[in-house]
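Just so it is clear, the structure is predicted and the values come from calculations on it, not from any experiment. Indexing begins at 1, ligand by ligand and atom by atom, following the structure's order.
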Amino acid sequence: MFASDLEKHELIDFLTESPTKEIFHHQNQEEYLHAIGKVSLAVKKFLNHNQKPFSGVTPAQLRPLFDAVEFEKTHDNYDSLLKEVEQLYTNHAVAFHHPAYIAHLNCPIVIPAVAAEVMISSINSSIDTWDQSAGGTLIEQKLIEWTCDQIGYSKKADGIFTSGGTQSNLMGLLLARDHYAATVLNHNIKLYGLPAEASKFRIFVSEKAHFSIQKNASLLGLGEKSVIKIKTDRSFRMNMVLLEDAIKREIAQGNIPIAVVGTAGTTDFGNVDPLKELAAISKKYNTWFHIDAAYGCGLLLTDKYRSLLNGIELAHSVTVDYHKSFFQPVSSSGFLVNDQKYFNLITHHADYLNPKDHDDDGLPNQVNKSIQTTRRFDALKLWFTLRMMGRDKLGEYFNTIIETAAQIAERLQADSDFELMNESDISALVFRYRPKIVATNVCAMNQYIKKAMFNEGKALVAGTKINQQFYLKFTLLNPLTTLSDIENIIKIIKKHGNEYVRLNLASADFRRN
Ligand SMILES: *Cc1c(COP(=O)(O)O)cnc(C)c1O
C-alpha cells in the first residue's frame, strides 16, 4: 500500500501530530513552509502597519504585557503566537526602514539579504571549520577577497567576518598589541600574557573616534588611559600636527606608541581622517595602522566618492561594517589585514576542531583567524546581495544618501533658525534649533525636541554633545529619504521647539507670580 516506509511514516505523523514535528527535517517540510510563510506574513503586516518609525511606547506600558506571559502555557498555532509577538514586539518595533528614521547608523536592508537569512538560519552552517561548512567557508573567503580588492590590498591580504565593528576594532588592536610585543620585545603575549612594558603601550585616535576603541583597550589589558585622544580640526578630522606632538610627548615620557587608529567616517559627523597622512606618521613611528571604516566602508561601493578613502590600502588592518553601510541585516561585519601572516598571532589549534594537520592538508579552517568559535554564516547575505544586485547598484544607493545629506546641509544652513555644525563627508549632520527671536536655554530646548520626537514617533533623530552642548543629529542611510521627508521633519522639530519655548515662558510667568 505504501510506496516506502517513509511515506508510511509521514502519514502516521500527519494523523498523530508527531512529537518531533518541530525539528528541522525532511519529514517536517510542510511544517517548515507553514511556519516561514506565517512569519513572512507577519513581517508584511509590520511593513503595512508602521506608518511612522516608532509607536512611542514606554517600558512602563509594555512591562505588564510581559508580566502576563506564562511559559507553562504554550501556543498551539502560529497565528496565536504571532498575535502575542505583535503586541509585545512588532507593533512597537523601531522601523529602521522608514524614511523618517534618521537617528542612528541603522541602514534599511535589501531583500536578497533577508532571503539569505532564511537559508542561513535553516541550514545553520557554522563557519568555524571546513568540516562544519564546506562551500560556506569558500563563500566567506571569496567575499573577503572581494572586500580586500575593493580596499586595494595585495594578494597577501586576508580577513574574516565578525559580529560587528566593535569586534573588528578589538581584533585590530589585538594584532597591534601582539605584533609589537612579538617583533620589538620578542615576547609572545598569546603564550605568556602581557609583558611588563604593556602599561606603557599607547594608542592614538581622534577624539571623535568610536568608543569601542577605549572599551577594547581596556579589554586587552591596556586600560582606557592607553588611548590618547587627538583633537580634531574644524572639520572634525584628526589634527596631524597635534597627533605628531602627542606621539613625541608620549615617547619623551617613556611610553610606547603601538598603534595609530584612523576613522573613515566618524559616528557623529561622518568625516574621514586624513588617511594618507596618518599612514605616513604611523610609518615614521613604526606603529600599527588600523582604520575604522565601520561607517565609511560604503564609500568602497561608489566610484564617484571612492577617493575619500584614498590611503585605506596603506593600513595594516581595516574594520568594515556591512550592517552599517552595505544595507545588510545585523549582524554582518568584516575585519581585514594587509598580510594574512598576522593571523598567526591569534591562531590556536584545538585537536578536536582545527588540528595543525588540517593546515598541512589544505583544509581551510576560518576559526584560525577568528576570536569566535561557532560562527554564523553571515557572508551568505552579502553573497545574495552582490550576486543579485552588484556593487554599482549599492553604490548608487550610497551616492543618493551622500547627495541628499549635502542638500539637507544647504537647507539647514539657509534657515536662520538652525545652526549647522558640520559638513559631512558622508551623511551625518549635527545641528541645533536656535530661533533668533527667543532667548532661551538652547541645550534644554534641543533635548526637549529630541525627547518629544521620540515619544511622538513620527520621525526619529539622534542627539549628541559637542563641548558639553547638546545637538541634534540626522544620520542618513536610507536612499528613500527625500527632501520632502526632511521638510516634514524640520516642521516637527520647529513645532516641538516652539512648544518648549511656550512651556518655558509659561513656567517663567508662574515663577514670577
Ligand atoms: C558603529 C560603529 C562601530 C561599532 O560597530 P558595531 O557594529 O556597532 O559593533 C565602530 N566604529 C564606528 C566608527 C561606528 O560608527
Side-chain angles (χ1 to χ4, degrees), residues 94 96 101-109 113 147 151 159-174 176 203-220 224 227 229-230 232 236-238 259-275 278 289-300 308-309 312 315 317-336 370-372 375-376 378-379 381-382 398 401-402 405 422 424-430 462-464 473-477:
V94 174
F96 294 163
Y101 178 88
I102 49 173
H104 301 288
L105 279 165
N106 300 302
C107 55
I109 53 176
T147 309
I151 289 172
I160 191 83
F161 271 69
T162 67
S163 62
T166 303
Q167 188 183 32
S168 295
N169 284 342
L170 176 66
M171 293 186 76
L173 295 183
L174 172 65
I203 297 157
F204 299 82
V205 300
S206 140
E207 61 178 342
K208 303 297 180 210
H210 193 258
F211 72 90
S212 61
I213 303 295
Q214 279 165 288
K215 206 163 149 175
N216 289 330
S218 120
L219 285 172
L220 289 167
E224 291 194 0
V227 177
K229 293 187 178 178
I230 310 299
T232 51
F236 303 101
R237 300 183 183 96
M238 203 195 309
V260 169
V261 177
T263 309
T266 54
T267 313
D268 268 353
F269 304 97
N271 284 342
V272 180
D273 283 338
L275 302 180
L278 279 173
F289 180 29
H290 176 73
I291 293 180
D292 177 358
Y295 177 13
C297 63
L299 297 166
L300 293 172
L308 284 164
L309 291 179
I312 192 172
S317 57
V318 174
T319 289
V320 298
D321 243 353
Y322 305 114
H323 65 212
K324 289 243 178 93
S325 298
F326 278 57
F327 310 99
Q328 298 295 294
V330 177
S331 62
S332 177
S333 291
F335 174 71
L336 301 312
S370 178
I371 57 175
Q372 291 172 257
R375 195 158 51 84
R376 269 173 69 79
D378 287 318
K381 290 180 274 193
L382 185 57
F398 217 71
I401 291 162
I402 292 173
N422 71 313
S424 186
D425 287 335
I426 311 175
S427 61
L429 298 170
V430 177
T464 191
K473 179 169 81 158
F474 288 166
T475 313
L476 261 92
L477 279 178

**Study point:** Test item: side-chain donor near acceptor, N169 and T319, under 3.5 Å
**Key:** yes
Practice item. State which residues pass ring pair (Phe, Tyr, Trp, His ring centres under 6.0 Å) with F327; sequence neighbours excluded, sorted by chain then number. Key: Y397
Review point. Between H210 and T267, is any side-chain donor less than 3.5 angstrom from a side-chain acceptor?
Key: no
Review point. Sequence neighbours excluded, which residues qualify as side chain to side chain donor-acceptor pair (under 3.5 Å) partners of S206?
Key: none
Exercise for review: Show the protein residues that qualify under the rule heavy atom under 4.0 Å from an atom of ligand 1, listing them in chain and number order.
Suggested key: L105, G164, G165, T166, N169, H210, G265, T267, D292, A294, D321, H323, K324
Check your understanding: In terms of side-chain heavy atoms, does Q372 have a donor or acceptor partner in S163 at a distance below 3.5 Å?
Key -> no
Revision key, fill the gap. Hits for salt bridge (Lys or Arg N to Asp or Glu O under 4.0 Å) against D321, two or more places apart or cross-chain, chain-then-number order -> K324
